[in-house]
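Okay, structure first, notes after.
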Amino acid sequence: MRIAGQKLTGKLAAIYATVIIITIVMLLPFAWMLSASLKLSSEVFVFPIEWIPSNPQWSNYVDIWTKIPLALFIYNTSKLTIIVTLLQLFTSSFAAYAFAKLHFPYKNALFLGYIATIAMPWQVYMVPQFLLMREFGLNNTHLALICLQAFTAFGVFLMRQFYMSIPTELCEAARIDGMNEYQIWAKIMLPLSKPALSTLTIFTFVTTWNDFLGPMIYLTKTELKTIQIGLRMFISQYSAEYGLIMAASVVALIPVLIVFLSLQRFFVEGVASSGIKG
Amino acid sequence: MANSTIAAGDTPVVTRRRKVVSKRRRKVQDALIAYSFIAPNFLGFAVFTLGPILFAFVLAFMHWDGSNEMTFAGLANFWRLFEDKAFIDAFWNTIIYTVASVPATLVCALGLAILLNQKIFGRDFFRTAMFFPYVASLVAVAVVWNMIFNPEMGPVNMILYTLGLDPKNMPGWAADRHWAMVTVILFGVWKSMGYFMVIYLAGLQGINSELYEAADLDGANAWQKFLYVTVPQLGPTTFFVTVMLTIQSFKVFDQIYMITQGGPGTSTLVLVYHIYNEAFISWDLGYSSMIALVLFFLVLAVTVVQFRRQKED
C-alpha cells in the first residue's frame, strides 16, 4: 500500500497513528462543543458521550439570537474589527514606507521608540491608558477601542521589514519617471507588499475579534459589547443553559474560522518569518 | 547628523551638484514628506501608547482613586508590595505558571513540528488543525474547557472514573486549590502549542539537509541525528520560542479570568489579574501601577537577555 507516494512501512504507520491521535485530542474540545450545541442542557453531560445527538436541538441556534442580542454583538465586533484592521493597514504601511525608503532627521531615534514599545506589555499601561481615554470622554465608546488597537508598533515593524526587502532601485526608477512619494507608496509598494499586508490583516483581525480584556475594561453598556464579552455575559446569566452556551460559542467561532481558513497560508508564513527574524 | 551619512551612502544617483540653498530646501521638503508618512501612525501611537507608558511610571509613585485629588506617595506603593500577601501569591503564581507552561509548550511544539515536517498525506490539514486552537475565541474554548473538566459531570473525570479512579481522589480541576493551576496550564499549552509549532517548522526547514546526510554517513541513528543535528541547529529558534513564551506567560490573564477567576482563594491569582483587581475593583490606581512596573521589569529582564544574546550572534 502506498500513501502520498511512499511505501507504507511500520515507521510511517506509527507516524500516521501518532499524528491522527494528537489531531483528535487537539480538536476534541471543538467536537464536544459542536455536539453539545445540539443537545438539551440536561443531555450535555450524559456519559458515555453521545457524539452525534439522536435528537438534535436545532432550536438552540434559533433561541440564542433572541436570548441575547447576539446579532448586535457580532455587528459591534465586525465594525470594530474592520475599522481597526483598515486603519492598522493604512497607517502602518504608510509609516513603514518612510522608515524603509526615505531619509529624514531622527529616523533611527523614532524607529527605536517604536521597537522599544513592541516589548512593552499592554497590561503595564492599560490602566493609565484607560484613565486617559476617560479624560477624553471615550469611556463606553467604540472609538476608545479603535484608538487603542489601530496604531501599533508591531504593524509598523512588520511592514518595514517587508519593505526593506523590496529593492530601493524600484523607488528610484519611479522617482525618475516623475512619481511623487505618495504615488510610489500607492502604486508600487502597496501592490508588492500583499503578503505582508495579508499577514498583518489576519493578525489584526484575529487579535481584535478575540480581544477580551480591552472590551471588558471599556464597554459596560450591553448595546456596545463585543461578541467575546457578550458571550461572557451570556454565560454568567444563563450558566445552566449548556446547550445554548455551546451554540453561542460555535457562532462566535465561525467568523474567525472563515478568515483563518481563507488566509491561513499568509498567517503561517507570517508566524514563520517572525520566528526566523526574531 | 547621522542622516547625511546615510543619504550619502544610499543615493549614489546624485551626480550633478546643485546650489547649496536649493539643496537645503529640498532636504527640508523631503523630511516633511517623510514625516507626513509617519504622522498618522505616530500621532495615534504617541497619544495612546507612549503617553500612557510615561504616565504609568508617574502613577506608580502616587496615591489616586481616580476621582479625588492625586497625591504623591513616594515609595509607599513599593513597600506595600512586600506586605501584600495577594501580590506575593500573584508573583509566585506567575512564576509557577511560566516555569511549568514554557517547557511544556516548547516540547509539545517541537514534537508536533518534527512529526508534521515528515512527508505525510494531509500534512497541511494536520498543521491547520493543530494551529486552530490558537486563533479560536478564548471565551468560547474556555467555557468548553470548564465543562470538559467539570469535577462532577465533566467527561474527563467520567473517563478517569471508568478507568477505576476512586471518586474521592478525583481531581477537582478549576474548583480545587491544588489542581486549578494545572487546569489553567493545560489550557495554555493546548491553545498555544500550534503557534510555536509553526515557528519550529520554519526552523526545521532552515536546517541544511547535508548535515543529515553527513550524519547518515557516520552511521547515526534517528535519535542521534535528533540530538546532535536537529537540537543544536534549532538553538536560535528554541531561544526565540522560549523568550516569546516566557513573556506571554508573564502576561497571562484572559484564560485565568475565564476558567478560575484567580481562585480558589489566590491559587491562580497572577500579576495581571492583581493589576486588574487593584485598578478596576479597588480603584487603587497608584498601587496597581506599581504592580504593573513589577511586570514591566520582569519582561524587561527577559528582553535584555534576548538582546544580549542577539548581539553575540
Side-chain angles (χ1 to χ4, degrees), chain A residues 3-4 6 15-16 18-19 23 26-27 29 32-33 45 47 49 91-92 94-95 97-98 102-105 107-108 117 119-121 123-125 127-129 132 147-148 150-151 153 156 172 181 206 210 212-213 217 228 231-232 235 242 245 249 252-253 256 260 264 268 271-272 275-276 278, chain B residues 1-3 6-7 13 31 33-35 37-38 40-42 44-45 48-49 51-53 55-56 59 115 118-121 126 128-130 133 135-141 143-145 148 153 155 158 195 198-199 202 237 240 251 253-254 272 275 279-280 285 288-289 292 295-296 299 303:
Chain A
I3 298 179
Q6 286 168 295
I15 291 173
Y16 274 106
T18 324
V19 168
T23 310
M26 291 294 279
L27 296 184
W32 198 81
M33 179 193 273
F45 286 110
F47 195 82
I49 303 163
T91 67
S92 299
F94 211 49
Y97 175 67
L102 300 177
H103 307 291
F104 53 93
K107 175 166 138 178
N108 294 337
T117 55
M120 173 66 90
Q123 289 84 349
V124 169
Y125 59 91
V127 175
Q129 193 180 47
L132 180 87
C147 293
L148 184 147
F151 313 101
V156 176
E172 275 157 13
E181 300 298 334
V206 171
N210 287 340
F212 180 70
L213 189 49
I217 294 172
Q228 302 306 323
L231 191 58
R232 168 79 201 160
I235 292 165
Y242 305 115
I245 289 175
S249 302
L253 276 182
V256 176
F260 172 62
Q264 60 149 321
V268 169
V271 175
I276 294 165
Chain B
M1 272 278 335
N3 177 46
I6 293 170
V13 201
I33 290 174
Y35 289 135
F37 272 97
I38 294 177
N41 191 281
F42 186 76
F45 174 72
F48 299 110
T49 303
I53 289 175
F55 189 25
L59 200 54
L115 267 179
Q118 324 263 347
K119 286 194 187 69
I120 56 171
F121 180 74
F126 290 120
T128 308
M130 307 289 182
V135 289
S137 312
L138 188 118
V139 179
V141 288
V143 69
V144 177
W145 203 258
I148 292 178
M153 312 176 279
M158 284 300 188
Y195 180 88
V198 173
I199 296 179
T237 311
F240 174 75
K251 298 190 292 193
F253 172 80
D254 297 8
V272 175
I275 296 172
F280 299 113
L285 302 168
S288 132
S289 273
L295 174 68
F296 167 71
V299 173
T303 314

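Side-chain atoms are counted along with the backbone in the values below, which use heavy atoms only and exclude waters and symmetry mates. Just so we're on the same page: letters track the sequence lines, and every chain starts at 1.
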**OP:** Heavy atoms only, distances under 4.5 angstrom: which of A:Cys147, A:Ala150, A:Ala252 has the most pairs with chain B? Name it, please.
**Re:** A:Cys147

Original post:
With side chains defined as the heavy atoms from C-beta onward, is the minimum distance between B:Ile120 and A:Tyr16 less than 4.5 Å?
Top reply: yes

Original post:
Do you know which of A:Leu132, A:Val256, A:Leu213 has the most heavy-atom pairs with chain B at a distance under 4.5 angstrom?
Top reply: A:Leu213

**OP:** Could you tell me which portion of B:Phe296 (side chain, backbone, both or neither) has an atom closer than 4.5 angstrom to a non-hydrogen atom of chain A?
**Re:** both

**OP:** May I have the step-by-step check of side chain to side chain contact (heavy atoms under 4.5 Å, CB included) for A:Trp32 and B:Val144, ending in yes or no?
**Re:** CA-CA 8 Å; A:Trp32 198 81; B:Val144 177; 3.9 Å; yes

Original post:
Heavy atoms, side chains only, cut-off 4.5 Å: are B:Leu295 and A:Val124 in contact?
Top reply: yes

**OP:** Would you indicate whether the side-chain heavy atoms of B:Ile148 and A:Pro29 approach each other to under 4.5 Å?
**Re:** yes

Subject >> Heavy-atom pair count under 4.5 Å with chain B, highest-scoring of A:Ile245, A:Leu148, A:Val156, A:Leu231 >> reply: A:Leu231

**OP:** Determine the option with the most heavy-atom pairs under 4.5 angstrom with chain A, choosing from B:Val135, B:Val272, B:Val299, B:Ile275.
**Re:** B:Val135

Original post:
For B:Ser288, is it the side chain, the backbone, both, or neither that has a heavy atom closer than 4.5 Å to a heavy atom of chain A?
Top reply: side chain

**OP:** Identify the two heavy atoms, one from A:Phe94 and one from B:Pro40, that lie closest to each other, and give their separation to 0.1 Å.
**Re:** CD2-CG, 3.9 Å

Original post:
Which distance, rounded to the nearest 0.5 Å, do you find between the CD of B:Gln118 and the OG1 of A:Thr18?
Top reply: 9.5 Å

Subject >> Under 4.5 Å from a heavy atom of chain B, the part of A:Val206 involved >> reply: side chain

Original post:
Out of curiosity, A:Met120 CE to B:Ile53 CD1, how far, rounded to the nearest 0.5 Å?
Top reply: 4.0 Å

Original post:
Any side-chain heavy-atom pair from B:Val139 and A:Ile235 closer than 4.5 angstrom?
Top reply: yes

Subject >> Atom group of B:Phe48 that falls short of 4.5 Å from chain A, counting heavy atoms >> reply: both

Original post:
A:Thr91 and B:Asn41: which non-hydrogen atoms are nearest, and at how many Å?
Top reply: OG1-ND2, 3.0 Å

Original post:
Does any heavy atom of chain A fall under 4.5 Å from the side chain of B:Phe42, the backbone, both, or neither of them?
Top reply: both

Original post:
What part of B:Thr303 gets closer than 4.5 Å to chain A, counting heavy atoms only: side chain, backbone, both or neither?
Top reply: side chain

Subject >> Heavy-atom closest pair, residues B:Phe55 and A:Pro128 >> reply: CD2-CB, 3.5 Å

Original post:
Most heavy-atom pairs under 4.5 angstrom with chain A, which of B:Ala31, B:Pro133, B:Ser289?
Top reply: B:Pro133

Subject >> Straight-line distance of B:Phe126 CZ to A:Leu27 CG, nearest 0.5 Å >> reply: 10.0 Å

Original post:
So which heavy atom on A:Ala98 is nearest to which on B:Ala34, and how close?
Top reply: CB-O, 3.6 Å

Subject >> Inter-residue atom distance A:Leu102.CG - B:Ile33.CD1, 0.5 Å rounding >> reply: 8.0 Å

**OP:** Compare every heavy atom of A:Met26 with every heavy atom of B:Met130, then report the nearest pair and how far apart it is.
**Re:** O-CE, 3.5 Å

**OP:** Measure across A:Ala153 and B:Phe45 and return the closest heavy-atom pair with its distance rounded to 0.1 Å.
**Re:** CB-CE1, 4.0 Å

Subject >> Part of A:Thr117 within contact of chain B (heavy atom distance under 4.5 Å) >> reply: side chain

Original post:
Which value, rounded to the nearest 0.5 Å, describes the distance between A:Arg232 atom CZ and B:Asp254 atom CG?
Top reply: 11.0 Å

**OP:** For the residue pair A:Tyr97 and B:Phe37, categorise the inter-ring angle as parallel (less than 30°), tilted (30 to 60°) or perpendicular (more than 60°).
**Re:** tilted

